[in-house]
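Take a look at the structure below.
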Amino acid sequence: MLRATFSSMLQRKLRLTLSGLAVVLGVMFVAGAFVLTDTLGRSFDGLFTTVYSKTDVEVTAKSKIAASEASHDEVPTPLPASAVQTVDDVPGVAVAHGIAMADGARVIGADGKIVNSAGPPRFGTNWLGDQPLRDGHGPQADNQVAMNAALAETAGLKVGDSVGILTLQPKRMFTLVGIFGYDGGKDSLGGAQVVAFTEPVAQELMLGERSVYSSIDVRADDGVSADTLKGRIASKLGDGYVVKTGAEAAAERSAGPKEFLSFFNKILLGFAGVALFVGIFLIVNTFSIIVAQRTRELALLRAVGASRRQMVGSVLLEALVIGALASLVGLGAGIGVGALLAAVFSQVGGGDLALAGIGVPLSAVIGSLAVGILVTLIAAAIPALRAARIPPVAALTEAATPDRPLTRVTVAGGAVFAAGAMLLGIGLTGVGDATLWTILGGVLISFIGVALLTPVIARPVVGAVGRLFAWSVPGKLGRLNSGRNPRRTAITAAALMVGIALITGITTVLSSTTASLTKLVNEQVQADLIISGEQSGPRPPTFDPAVLDRAAALPGVDAVAGASFDQALVDGKRQSVAGVNDLAAVKRIASLRATAGTVDELSAGQVVLDKDLAAKAGVTLGQRITTQFSRGAPHTLTVTGIYEKSEMVNGWLVSAVDAADFGIPQPVQGYLKVADGASVADVRTQVTALLADSPEVTVGDRSEFVKQQTSQFDTVLAMIQILLALAILIAVLGIVNTLALSVLERTRELGLLRAIGLRRAQTMRMVTVEAVVISVFGALLGVTVGAGLGTAVVRALKSEGITQLALPWTQMGTYLVLAAFVGVLAAVLPAIRAARVNVLTAIAYE
Amino acid sequence: MGTMPEGMTAAARAVDVWKVYGTGEAQVVALRGVNVELERGRFTAIMGPSGSGKSTLMHCLAGLDAVTRGEVYIGETRLAGLGDARLTQLRREQVGFIFQQFNLLPTLSAEENIALPMAIAGRKPNREWLDAVIDTLGLRDRLRHRPSQLSGGQQQRVACARALVSRPDVVFADEPTGNLDSRSGAEVLAFLRNSAREYGQTIVLVTHDPNAASYADRVVFLADGHVVAELRDPTAETVLDTMKRLDAMVLG
Ligand SMILES: Nc1ncnc2c1ncn2[C@@H]1O[C@H](COP(=O)(O)OP(=O)(O)OP(=O)(O)O)[C@@H](O)[C@H]1O
Ligand SMILES: [Mg+2]
């Protein structure tokens, strides 16, 4: 039995290799994800251990605005200068340095643009003089800065240059007086940008007030352990402080980038999931074909006494071998991919993260092998059971068993599809906790349902699609061939469907979002010009608040509304708040309507909020509310107005005066209404001039604004296009597989056709048309299913502001054309094989 | 007898054709200097024992296989040196085939199978001729059927119609009745004979059945790769006699 299995496997090397490839790809992503996470995780640990190598204890103030469900980041709170003295007096402390450091020092490079970091933070800090200087000296005057070598290099700056820097305050000019590096000759620590100011300047620009620090860096006397010292300092400072050892702080800091890593990890695992899911179709098809081809051989085995169990075993054994081999290859490839990605990551943004050795955790090995083998076995199970059902008498009958009717599989498909759609519905309407999983499960099960329904749809649709190619005889023959085995055609097409459905679904959601935003902006914003920037990191782009006043004073400008944003504790609860410079302007531009009090003006100490929120929080007009913004002392605000909520304006609004204590006290967006009769273009030119010192933002009309706000969609699209490419690659393997088999099965027909005068080129065209019909059929299915999925999601997101359904017709058309090309590509080898068929061998009937 | 009437060219001819398969130990010489002319408008049978080279000769004459030495002509066209494209075109335009089985494409109806060679060439069949062929073969009420819905005899008649409909210079039939019962076989053979007599269609029949050969105007006997005898206006008896004589020669 074993010998029989292996010898028959060898004869089908090519077909098994093709289906094995799908497993290889899937396993590659699984292993790659594991290796990447492990390697980079240890590299980050190493990085922060270096950063904290000289720190025995770190002291920070307890955050006034803790992490909440909506936002996982706590807002840092500065500590007073007096605390440094207190710590310094603790016995066992050798030295205690006050550190005034925060993210958000944005350097304007020699080219006038902000130097982007693409991930790593952009720190501004006080100069402690403990980094090795490469050139010049540390900042000694308030208009001097030093920066790390990597930043100076990317910015194109050298000692003596003057440099503009954006911080909590608008652009300020400094002279670059020093360039420093790090121990071990490094130019940066993990790609972080660091600008060092004198201490008072760092406090003012990075923390917002003089004589406060972000943390205290403590070194212990010889012989005093970090843990002992931590205990002493903590008891001395009492409540309101967080004291950690250097090691604890390092571990905590490295958790941040690791979280980002785990996000990337999920993407890789998503790729793996798609590859394996599509791969299942390929494997099911391959094994079904193998079983069909071996019907007589298997029946003979049955006739000579092999049991059903042995039949199933023989097919599953084959699957096991393929799965194991493919998983091993995938594991190897995954280790390579993981190492490569880790290397790429470590260089991001000019950073040079020292890579720890490539790590292959045991979990990667076990996980990859298990996933690969399991998927192969599951996929082979159905064909294996079919093999067991072959009756011994089939060995004697001539033809293969006729295609069973499709009724059962269709009914099953309908049921599965309904179940999947229901699960999807539950997930989308958001009852229950595991919503994301419910949605994913729903999508997956729906796909399986559609795949089961595909054979029934195949006959009519393939016929209709094929008619497009029926203008030539080879085309017609190809079309007829593609309809000959609806099951095989269906599974092959279904593999292509999955990828195209996913991307069509996502594109539908994205284009609907854009359409909804466009409609929203057009209907609810009476602004002719909008100031905004493209957000590339966690920190939004901002501009000088003075621009708002200057723009309002321009001739031809009717109203200017600007908004800044913060996380605050409102009445003890964490809330988002917005600061507006001119509520009257907001009222005019966004058609704000008061339901109580007034929204005509908002002065210091006043707050307005929308009706729904007021009802929910039980807030009434005239109520006094204690509010703690990201910085400064608590404000007591009086509610002076309640307004009708809209998608554009909602929540708590405070005046620009109070907004000075925002974590980022500068406006993120500005809306301009041009006076009747004034030229929008003129105003735009003047505002552009006003923004010269705010390089993070630009001014544009509404459509430019929408474009800018949706620019990150391109990144999402690029990402899923990689996914699509992957899914298509596997689907192509499936088409090649199916065609190669068709050619083999129809050798005699091909010989006959060649004998009666079909030219080689015509033969190739015939095979190509068959491939194109199958792939266009798959794409049609995918586009339809994807549009359906996307529509369902869009409908479910209606309450989130996605009110418009916009089907991405152009992309959908592109996918169909792409599918046709894919078909042509997949047909190349089988077509050549068909054209090479030897007429004489083909028609020999012995 | 034996020579061609004045002014008439052969539909196909082989001149000193040798065909060798394989090399060294495994070498098989299937044809050893065969000379044969297939007269236009005649029904010629090629007979001989199994392995005598009948099929090989037919393949060489039909441009399906290349000869090792010698010349093959279809009409005035010399096949030697023609590329695949020219040979394919030649088969399409000047040759018709009827094989023993698997003659038809299962995806096409009987009518579409009949018209296939014309369709591949991008030509329209002559409607009158098509109707005549279909009616003669009694296929009128089977035109919409698929091959799987036809009996073996019907399938072979469809194959005959397909071979004849483009009015090729010569139709080659390799054991077309090998898989049929005697009645169906007789129908097909009678049709082939009539095509030659009434429409002047050149037909070459490869067979080892004396009865089948008796439908022909002329029988060429092959043995061991040689043309060993020839018979005009044969009957089943004369064919059988010739075969016995040849057997005796080989044995003796
Ligand atoms: N492709 C081939 N390779 C090697 N030898 C071949 C090949 N085709 C035919 N032969 C040999 O050539 C000789 C003639 O074969 P051919 O098929 O022409 O005989 P035949 O007269 O048609 O026999 P039958 O009546 O059995 O069909 C035989 O000895 C055969 O074994
Ligand atoms: Mg033969």
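Predicted model, so just to flag it, every value in this text is computed and none were measured. Here is the naming used below: chain letters follow the sequence lines, and residue numbers restart at 1 for every chain.
- Counting heavy atoms of neighbouring residues, nucleotides and ligands inside a 6.0 Å radius, atom CD1 of A:I832 exceeds 12 of them.
- Within 6.0 Å of CZ on A:F821 lie no more than 12 heavy atoms contributed by other residues, nucleotides or ligands.
- At distances below 3.5 Å, not a single donor-acceptor pair connects side-chain atoms of B:R91 with backbone N or O atoms of A:I756.
- Here the closest heavy-atom approach between residue B:F97 and residue A:A755 is recorded as CE1-O, 3.2 Å.
- The environment of B:E76 atom CD is sparse: at most 12 non-hydrogen atoms of other residues, nucleotides or ligands sit within 6.0 angstrom.
- For a residue to count as touching a neighbouring chain, one of its non-hydrogen atoms must lie under 4.5 Å from one of that chain's; by this rule B:Q89 does not touch chain A.
- The residues A:R754 and B:D84 are annotated as salt-bridged, a charged nitrogen and a carboxylate oxygen being separated by less than 4.0 angstrom.
- Between B:L116 and A:L758 there is no side-chain heavy-atom pair separated by less than 4.5 Å.
- Ranked by heavy-atom pairs under 4.5 Å with chain B, the first of A:N481, A:L477, A:L840 is A:L840.
- Side-chain contact between A:L753 and B:I120: present, with at least one pair of heavy atoms (C-beta onward) separated by less than 4.5 Å.
- Of the atoms belonging to B:L87, not a single heavy atom falls under 4.5 Å from chain A.
- Note that CG of A:N838 and CG of B:D65 are 8.0 Å apart. Values are rounded to the nearest 0.5 Å.
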Between A:R484 and B:T107, is a side chain to side chain contact (heavy atoms under 4.5 Å, CB included) present by the stated rule, with each step listed? CA-CA 8 Å; A:R484 271 166 96 161; B:T107 44; 3.3 Å; yes
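- By the neighbour-count criterion of 12 heavy atoms within 6.0 Å, atom CZ of B:R123 is densely surrounded, having more than that number from other residues, nucleotides or ligands.
- The side-chain heavy atoms of B:L105 and A:L480, taken from C-beta on, include no pair separated by under 4.5 Å.
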